[in-house]
Amino acid sequence: MELKFMNRAIELARHGMETNKGGPFGCVIVKDDTIIAEGFNRVTTENDPTSHAEIVAIRAACKVLKHFQLTGCEMYTSCEPCPMCLGAIYWARPDKVYYAAARTDAANAGFDDDFIYHELNIPHKNRRIPFIRIPNDEAIHVFKTWIKKENKVNY
């Protein structure tokens, strides 16, 4: 069964690439042995750097499920997820993720996300894009209010 779903993810990657709709990445999300959402890279056609295959598929699956988490679902991606997609996957909480190509294969094709993994361990001020904190008590107050909020939806 897994091979069928992985083949579909790879087919989507090929489709996105061959139709010039994005890079060579595809993803499907499966629940109860049925594909409920698909995605392929659409960064260049949508002018959206977050439109990676996994993100597109996660957004579509959440609409289908009418929920912000993918509990009970499995993801099949044509390539090991980048750091952004990895974060989104953890927030979405699928049960499992299967991938075909490794991130080194993507790097060999010109998609080198390795620098992002390294940036995470560098002090904020030394990153390629510096991150500068502007402390503000009101920002902390918002979190304190959240902690006390009784009708919040935890995620």
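Below, all heavy atoms of this structure are taken into account, side chains as well, without hydrogens, waters or symmetry copies. Just so it is clear, the model here is predicted, and its values are computed rather than measured.
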Between [X] (side chain) and [Y] (backbone), is there a donor-acceptor pair under 3.5 Å?
X      : Y      : result
Ser78  : Ile10  : no
Lys152 : Ile147 : yes
Asp105 : Ala101 : no
Asn126 : Ile122 : no
Arg8   : Met6   : no
Glu80  : Ala102 : no
Asp95  : Gly72  : yes

Would you check if [X] and [Y] make a side-chain contact, meaning some heavy-atom pair closer than 4.5 Å?
X     : Y     : result
Tyr98 : Phe5  : no
Thr44 : Arg42 : no
His52 : Cys82 : yes
Phe25 : Cys85 : no
Val56 : Cys27 : no
Met75 : Val28 : no
His15 : Lys21 : yes

Distance-only polar pair, side chains of [X] and [Y], donor-acceptor under 3.5 Å:
X      : Y      : value
Thr50  : Asp48  : yes
Tyr117 : Glu119 : no
His118 : Asp114 : yes

Exercise for the section: Report whether Leu86 and Ile55 are members of the same hydrophobic cluster (ILVMFWY, side-chain heavy atoms less than 4.5 Å apart, transitive linking). Expected result: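 Looking at the clustering, Ile55 is in a separate group from Leu86.
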Exercise for the section: Identify whether Ile89 and Leu65 are in the same connected component of the hydrophobic contact network (ILVMFWY, side-chain heavy atoms under 4.5 Å). Expected result: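 Ile89 clusters together with Leu65.
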Exercise: identify the closest heavy-atom pair between [X] and [Y]:
X      : Y      : result
Ala37  : Ala61  : CB-N, 3.4 Å
Asn136 : Glu138 : OD1-N, 2.8 Å
Leu70  : Ile58  : CD1-CG1, 4.1 Å
Leu12  : Gly26  : CB-CA, 4.1 Å
Arg93  : Tyr155 : NH1-C, 4.0 Å
Asn41  : Val43  : OD1-N, 3.1 Å

Practice task
Using a strict 4.0 Å threshold on nitrogen-to-oxygen distance, state whether Glu11 and Arg14 make a salt bridge.
Solution key: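 Salt bridge flag = no for Arg14 with Glu11.
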Drop me the distance from [X]'s [atom1] to [Y]'s [atom2], to the nearest 0.5 angstrom.
X     : Y     : atom1 : atom2 : result
Thr77 : Ile29 : OG1   : CD1   : 10.5 Å
Met84 : Glu54 : CE    : CD    : 8.0 Å
Lys31 : Asp33 : NZ    : CG    : 11.5 Å

Problem - Ring center gap for Tyr76 and Tyr99 short of 6.0 angstrom - result: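 No, too far apart.
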Problem - Arg133 to Phe131 six-membered ring, cation-pi geometry met (6.0 Å, 45°) - result: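 No, a cation-pi geometry is absent between Arg133 and Phe131.
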Practice task
Check the pair Lys144 / Ile140 against side chain to side chain contact (heavy atoms under 4.5 Å, CB included), numbers first and verdict last.
Solution key: CA-CA 6 Å; Lys144 289 179 179 177; Ile140 304 303; 3.8 Å; yes
